[in-house]
Amino acid sequence: MRPSTEALIVIDIQNDFCPGGALAVAEGDAIIPAVNAMMDDFATVVLTQDWHPAGHSSFAASHPGAHPFETVRMEYGDQTLWPTHCVQGSHGAAFHPGLRTSPAQAIIRKGFRRGIDSYSAFFENDRTTPTGLDGLLRARGVSAVTLTGLATDFCVGFSALDAARLGFAVTVELAACRAIDLNGSLAAMLERMRAAGVRLEG
Ligand code: VGL
Ligand code: ZN
């Protein structure tokens, strides 16, 4: 068991990000046994769940003439457009059935406001609107976080950058993550994480 100052954050292991899902990450389900095993080492385990309303602004289908994986300019910055995914209450938004959920004390849902996406578990994509995870972790005396899940180059990566910015010691367990890798996004995010002082393991 790790010291109680360490938390495990499990990012978006949901059906839509696993093979067969609407925004499938290659081998997304392959990390599940490793993530399940890690849960027993941490006193604090938090799961996140991408949780969009129908018609969310990150969906290409919400922008007439636009296609998935294009970038558009939003008030808060550039936003990649995605296939419709993780719609609240849908099968695709549910956790993968192989993921252990009982060890988690909290589930952070994100991306639930129609007009703004939220890759990070800590802040929405304006990088300022908090999800509440920072306060939850601090209130429990957590100072170090280990991140696993999907996808390395988006939700895991932005969560790691925000956690480092907030002053947590951050480790990303790469063997328990998988990437979307859109136009070099994986290499770019690995470099940003390194530069931010994130420890990359595995
Ligand atoms: C994610 C794209 C859109 C992720 C979520 O979990 O990495 N990526 N929504
Ligand atoms: Zn999403």
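Counting convention: from 1, in listed order, for ligands and their atoms alike. Starting from 1, each residue takes its place in the sequence as its number.
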> Given the side-chain rings of F17 and H96, with only the six-membered ring counted for Trp, is the space between their centroids under 6.0 Å?
Replying inline: no

> Do F59 and H52 make the cut of ring centroids closer than 6.0 angstrom?
Replying inline: yes

>> Can you tell whether the side chains of K110 and E124 come within less than 4.0 Å, N to carboxylate O?
In response: no

>> My understanding is that we take every heavy atom of each candidate and find the minimum distance to atom 2 (C) of ligand 1. Doing that for W82, F154, F59, which one comes out nearest?
In response: W82

>> Please state which option from A121, A151, G28 has its nearest heavy atom closest to atom 7 (O) of ligand 1.
In response: A151

Does the shortest distance from the Zn ion (ligand 2) to an N/O/S atom of [X] fall below 2.8 Å?
X   : result
H85 : yes
H56 : no
D12 : no

> Looking at F123, does the NZ or CZ of R165 lie under 6.0 angstrom from its six-membered ring centre and within 45 degrees of the ring axis?
Replying inline: yes

>> Could you check whether R100 makes a cation-pi contact with F95, meaning its NZ or CZ is under 6.0 Å from the centre of the six-membered ring and within 45° of the ring axis?
In response: no

>> Yes or no: does H85 have any heavy atom under 4.0 Å from an atom of ligand 1?
In response: yes

> For atom 4 (C) of ligand 1, what's the nearest protein heavy atom and its distance?
Replying inline: C155 SG, 2.8 Å

> Which bit of L150 is near ligand 1, meaning a heavy atom under 4.0 Å away: side chain, backbone, both or neither?
Replying inline: backbone

> What are the atoms of ligand 1, with element, lying closer than 4.0 Å to any heavy atom of D12?
Replying inline: 4 (C), 6 (O)

>> Considering both backbone and side-chain atoms of H52, is one of its nitrogen or oxygen atoms within less than 3.5 Å of a nitrogen or oxygen in ligand 1?
In response: no

>> What is the name of the N/O/S atom of D50 that is nearest to the Zn ion (ligand 2)?
In response: OD2

> Does the pair T48 and D12 meet the rule for a side-chain hydrogen bond (donor to acceptor under 3.5 Å, both in side chains), with working shown?
Replying inline: CA-CA 5 Å; T48 70; D12 297 2; 2.7 Å; yes

> Given N125 and Q79, is the side-chain hydrogen bond (donor to acceptor under 3.5 Å, both in side chains) satisfied, shown in steps?
Replying inline: CA-CA 8 Å; N125 281 10; Q79 171 70 47; 3.2 Å; yes

